[in-house]
Amino acid sequence: MKGRRPQKTDMPRYYFNIRNGEPFDDIDGLELSGPSAARAEAIGFAKDLMRLGPIRRDWSKWSIHVTDDSHGVVLDIPFLDAAEDE
Amino acid sequence: MPMNGRQTGQNRLLAALSASDLALLTPHLKDGHYKQGAVLQEPGEPIEIVYFPRSGMISLLAVMEAGNGIETATVGAEGAVGVITGLSGRIATGRAIVQLEGLFASIAVAPFQRAVSESSALREWMARYNDAQITLIYQVAGCNALHQVSARLCRWLLQTHDRHDGDVIPLTHEFLSEMLGVQRSTVTMLARELQTLGLIKYRRGRIEVTDRARLEGKACECYATARRTVDRVFTDVGK
């Protein structure tokens, strides 16, 4: 993984990690306009996993931890909260 | 095995036409180079041009009111986009976007319609291809609803690999997320899984196919079905 960015932009990069459930560490991240875009991406990611994964899975412990380049957790979205988000 | 005509820049549909049918189109065909991301058709808008790729790939997308969409077919050098205008309709039902840059022969709708009206054989070829395209769209509709997203990604990578020279395919997560109808983070996770299995290597903006045979093993049946559907256009002539 070179991880070279195709172009430099001023947008912050966010990383979408799965915690609990089946952990996934996002080492690539996405450049997004800000926290609200990151929140929307996290909710969409959780919804994708619930929609695309096995039907009868208990998602109650799963969550998306969103981090930024300073490696702080900027958002923590439990899957079941994402499910209720329209 | 690459789709026919990739190396020569030949379009399989045009190549199948008789000399006299091709002669009806040739004076109006223009070759042009189209870049990744170029939008050729928008849903609800009149189709102005019919495209016959000689290389590269076009994706057809269903677009929802909120603007999100999902891919319903891929078209490479074996086919065309917009042939429906030679049969009936004039309004695009979906978005057509260049997925892999390439050389496309194009013809404006008016001379295309004139040519088709002058030759029943030409019209028959366009109808045969159009029928196949509808079959492909049915298949993908089922695929999108029934098959695991990972298998769909493998299918899509194979279809793209077929239309691309070399193993390193320029693809952004944004494109892939639009094709598969999932978030970009979901694409990241799926790509990582395939990379861990040794099937691909990915970097931002590109995906390298490293084990094509195993990628075929992971793809859903729709990859092989789509190839057969296209092949039948050219092999079952007269049936």
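Note that the structure is a prediction, hence the values are computed from the model and not measured. Scope of the values below: all heavy atoms of this structure, side chains included, with no hydrogens, waters or symmetry mates. Chain naming here is simple, since letters A, B, ... match the order of the sequence lines and numbering starts at 1 in each.
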What part of [X] lies closer than 4.5 angstrom to a heavy atom of chain B: side chain, backbone, both or neither?
{"X": "A/I18", "value": "side chain"}
{"X": "A/A46", "value": "neither"}
{"X": "A/L32", "value": "side chain"}
{"X": "A/F16", "value": "side chain"}

With chain B as the partner, which of A/G44, A/A42, A/G29 has the greatest number of non-hydrogen pairs under 4.5 Å? A/G44
Side chain to side chain contact (heavy atoms under 4.5 Å, CB included) between B/M189 and A/D48, worked out: CA-CA 11 Å; B/M189 192 189 69; A/D48 270 356; over 6 Å; no
Considering residues, nucleotides and ligands other than B/R184, do more than 12 of their heavy atoms fall under 6.0 Å from its CZ?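 Yes, because the 6.0 Å sphere around CZ of B/R184 holds more than 12 heavy atoms from other groups.
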Euclidean distance, [Y] [atom2] relative to [X] [atom1], rounded to 0.5 Å:
{"X": "B/S185", "Y": "A/D26", "atom1": "OG", "atom2": "CG", "result": "6.0 Å"}
{"X": "A/I27", "Y": "B/T188", "atom1": "CD1", "atom2": "OG1", "result": "10.0 Å"}
{"X": "A/K47", "Y": "B/T186", "atom1": "NZ", "atom2": "OG1", "result": "12.5 Å"}
{"X": "B/L190", "Y": "A/L52", "atom1": "CG", "atom2": "CG", "result": "8.0 Å"}

For B/V182, which atoms come within 4.5 Å of any heavy atom of chain A: side chain, backbone, both, or neither?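 For B/V182, backbone and side chain are both near chain A.
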Within a strict 4.5 Å, meaning less than it, do heavy atoms of the B/R192 and A/F24 side chains meet?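 Of all side-chain heavy-atom pairs linking A/F24 with B/R192, at least one is under 4.5 Å.
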